[in-house]
Structures are given as C-alpha cells and as structure tokens.
Protein chains: 2
Amino acid sequence: MTMTTHRPFSQVLDRLRSAGLRPTRQRLALAKLLFDGCDRHITAEQLHGEALTGNIRVSLATIYNSLHQFTDAGLLREIVVDAGRSYFDTNMSEHHHYFFESTGRLEDIPPGLVTLGPLPAPPEGTTIRGVDVIVRLAG
Amino acid sequence: MTMTTHRPFSQVLDRLRSAGLRPTRQRLALAKLLFDGCDRHITAEQLHGEALTGNIRVSLATIYNSLHQFTDAGLLREIVVDAGRSYFDTNMSEHHHYFFESTGRLEDIPPGLVTLGPLPAPPEGTTIRGVDVIVRLAG
DNA sequence: GTGATTGCAAATCTTTTGCACTAAA
DNA sequence: TTTAGTGCAAAAGATTTGCAATCAC
C-alpha cells in the first residue's frame, strides 16, 4: 500500500536477474544502495563504508567483484579521474563530468552544457566502447 | 657544425630553467628523453626503463618527482585512463585521445576528428584546469 | 657553504587473487 | 547436488614518503 520514493525491491531484483547476475544477498543489498533513488558517483571504499553502516556485512573483495560485474552488465559506468581511484557512476545516460581537483569530488555536468561533435569512425578493426569527457576544475 | 633533428641540448636546458627547475643531471637526461623529437605517451615505468637502457642511472622515485614537476611546470600533461596507471603526454597542444583497451595503448586523435563545443562557465569559485576527452576503443 | 635534489627502502593505497566455505538454483 | 558467489588474508601494482647523501649554485 505504501508507495515509497525508492525503487521497489522487485525492480532491483529483476534488474540483477535480467543482467544474468544471481541475486545474492550481497548483490541485492549493494544494488539497493546504488540504485535507490538518485544518481551517484561512488568509490569501492565508500560503498563498503555505506554497506557496513547499513549493517550489511560484505567484504571489500565482494564490493569490487560486484562493482565490476554491474559495470560489465551495463548497470554502472566506471570513471577514472586520478591514478589509483575509480568512481562508479549509476547514471548510464550520456553525460559528462566535472572533477573538483581540490576535493576529489566528481559531479555530472548538467546536460547540454558541453557538446561533443559526431564521433569519428574508430580506427580499423576497433569499436568505440565509450567516450569520457572530464572537465577538471581547480579552486 | 652538425645539425641534428634532435632538440639541441641548450633548448632542453633553457626549458628547465624557464620552468624554474634546476637543471640537474637527471632532469636534463629525462627531459632529453621526453622532449627529443616526436610526441610521446609514456608511463613512469616506461621512462625508467628507457633511462636505464640509455645508461642513465635514475631512481623510480626521481622519475615520479620529475614527471610531476614537469607536469606542474606545464611541460607535460598527465592522462589517466585506468585505475592505477598514469600516462604523461609530451604534446601540450589541445588534443584528445584514443585508448585501446586491449593493448593499453594511448594515442592522439588526429586534430579535427573530435570537436568539442565551447566550454561551460565553470561552477562558482572554480576555474577550468583542462578538459580530457578519451575515446575508449575495444577490439 | 647552503638549500635543492636524489636515491633507497619502506610505507601506503587501491585493486586483484587463491582457495576454502557458503548459498542459490 | 552442483555451481556460482563470498570472505579472508595475502599478493600485486603504482605511487609516495622519510631521511641521509649528493649536487647545483
């Protein structure tokens, strides 16, 4: 009867199922943290912290496994901004990022602010997997 | 009397001087490897290898120090493509990159193939340090 | 001389791996 | 049952740091 603003449980479950991922307790819990509501830019360490805070016992290895499985399944996008740290973005629509160098924060650039011309034909024998546009900010 | 195709020694020296970097033996040697002729995309490890091959004894710590000092001085541009590896690009003109995921190779995109619209005004209190555009290729 | 720079080795940090254990189907 | 998934602890990399020795000026 209650209609929450959160994504219903079954939707998360279906999402995993249709990605071919067995909906284990850990994956369900992580998927709920990740896909529950607003878009997020999160590191493995941060997600681990949130899981522990939420009394979900998950090892860091499983966090990494899950993040990569979600990424391979097209549920997440991995964004690399500095050597030695990956962010995972739950917003799968085409968009670009601000990176605040002073704080290490990653943020979506509002749609339309940055426009990219048509992509070139990829070099012989390759396909374009994606395009990352990162606007680095100081101050 | 001989006119080589290589950047003359004094130019490398001046380049360090005007960047405010004391031209030590190591920095001169590294600068010659980096700025001698064509544009390069190189990792710290690769540069270290080249230095040792060329009988230049430099520690990896100094390689990292120098690469960052050169970057801060505007002689190099750091490009991050995957978590845990930085490339340093000697081409400081505005350009974008192909990243070949299968080989880990980074390559300039020929000028004009990718066009970026005008940059947005940076968020309040920040300045744009640079924009990275990376086209990720598979195959 | 004096302060900047270097080398070395150890430390740090993120991410991956191997393998026994557990749980989903 | 059977196979995929998980946890743990150790390993693997890349990068950084602390400090004594060395070098440019």
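The chains referred to below are lettered A, B, ... by the order of the sequence lines, with proteins before strands, and numbering in each begins at 1.
By the ring-ring contact (aromatic ring centres under 6.0 Å, His included) test, B/His48 pairs with no residue at all, sequence neighbours left out. Residues meeting the side chain to side chain contact (heavy atoms under 4.5 Å, CB included) test with A/Ala61, sequence neighbours left out: A/Ser59.
DNA chain C is contacted by A/Leu60, A/Ala61, A/Tyr64, A/His68 of residues 57-73 of chain A, taking any non-hydrogen atom closer than 4.0 Å.
With contacts defined as side-chain heavy-atom distances shorter than 4.5 Å, the pair B/Leu30/B/Leu47 qualifies. B/Tyr87 has its side chain out of reach of B/Val80: every pair of non-hydrogen atoms, C-beta onward, lies at least 4.5 Å apart. Two residues are said to be in side-chain contact when any heavy atoms from C-beta on lie closer than 4.5 Å; B/Glu101 and B/Leu137 fail this criterion.
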- Message: Output one letter per nucleotide in nucleotides 20-25 of chain C: B when a protein non-hydrogen atom lies under 4.0 Å from the base, S when only the sugar-phosphate is that close, - when neither is.
- Response: ----BS
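Electrostatic pairing of B/Glu50 and B/Lys32 does not count as a salt bridge here, judged by no charged N lying under 4.0 Å from a carboxylate O.
Straight-line distance from the CD atom of B/Gln26 to the P atom of C/dA4: 17 Å, rounded to whole Å. Note: CD (B/Glu45) to P (D/dA12) measures 15 Å, nearest angstrom. Counting to the nearest Å, the P atom of D/dT22 and the CZ atom of B/Arg27 are 19 Å from each other. The separation between B/Leu16 atom CG and C/dT6 atom P is 10 Å, rounded to whole Å. Nucleotide D/dA24 holds its P atom 15 Å from the CG atom of B/Leu21, rounded to whole Å. With rounding to whole Å, B/Asp82 atom CG is found 14 Å from D/dG13 atom P. Distance NE2 (A/His48) to C1' (D/dT6): 12 Å, rounded to an integer number of Å. Straight-line distance from the CZ atom of B/Phe88 to the P atom of D/dA14: 13 Å, rounded to whole Å.
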Show me, pair by pair, the donor-acceptor contacts under 3.5 angstrom made by side chains of residues 112-127 of chain A, not counting sequence neighbours?
| residue | atom | partner | partner atom | Å |
| --- | --- | --- | --- | --- |
| A/Thr126 | OG1 | A/Pro123 | O | 2.6 |
| A/Thr127 | OG1 | B/Ala138 | O | 3.4 |

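Remark: of the listed residues A/Asp72, A/Asp39, A/Asp132, A/Asp89, A/Asp132 is the sole one forming a salt bridge (charged side-chain N to carboxylate O under 4.0 Å, His left out) with A/Arg77.
In this structure, A/Arg105 fails the cation-pi test against A/Phe99, since its NZ or CZ atom is not both closer than 6.0 Å to the six-membered ring centre and inside 45 degrees of the ring normal.
Checked against C/dT6, D/dG5, D/dA14, the side chain of B/Arg85 finds its nearest nucleotide in D/dA14.
Ring geometry, A/His41 versus A/His97: the interplanar angle exceeds 60°, so the pair is classed perpendicular (tilted spans 30 to 60°).
Rounded to 10 degrees, the angle between the two end axes of the helix from C/dG1-D/dC25 to C/dA25-D/dT1 is 30°, with five pairs used at each end.
Here the two rings, on A/Phe88 and A/His68, have centers that are under 6.0 Å apart.
One finds no side-chain N or O of A/Thr43 lying less than 4.0 angstrom from the OP1 or OP2 phosphate oxygen of C/dT14.
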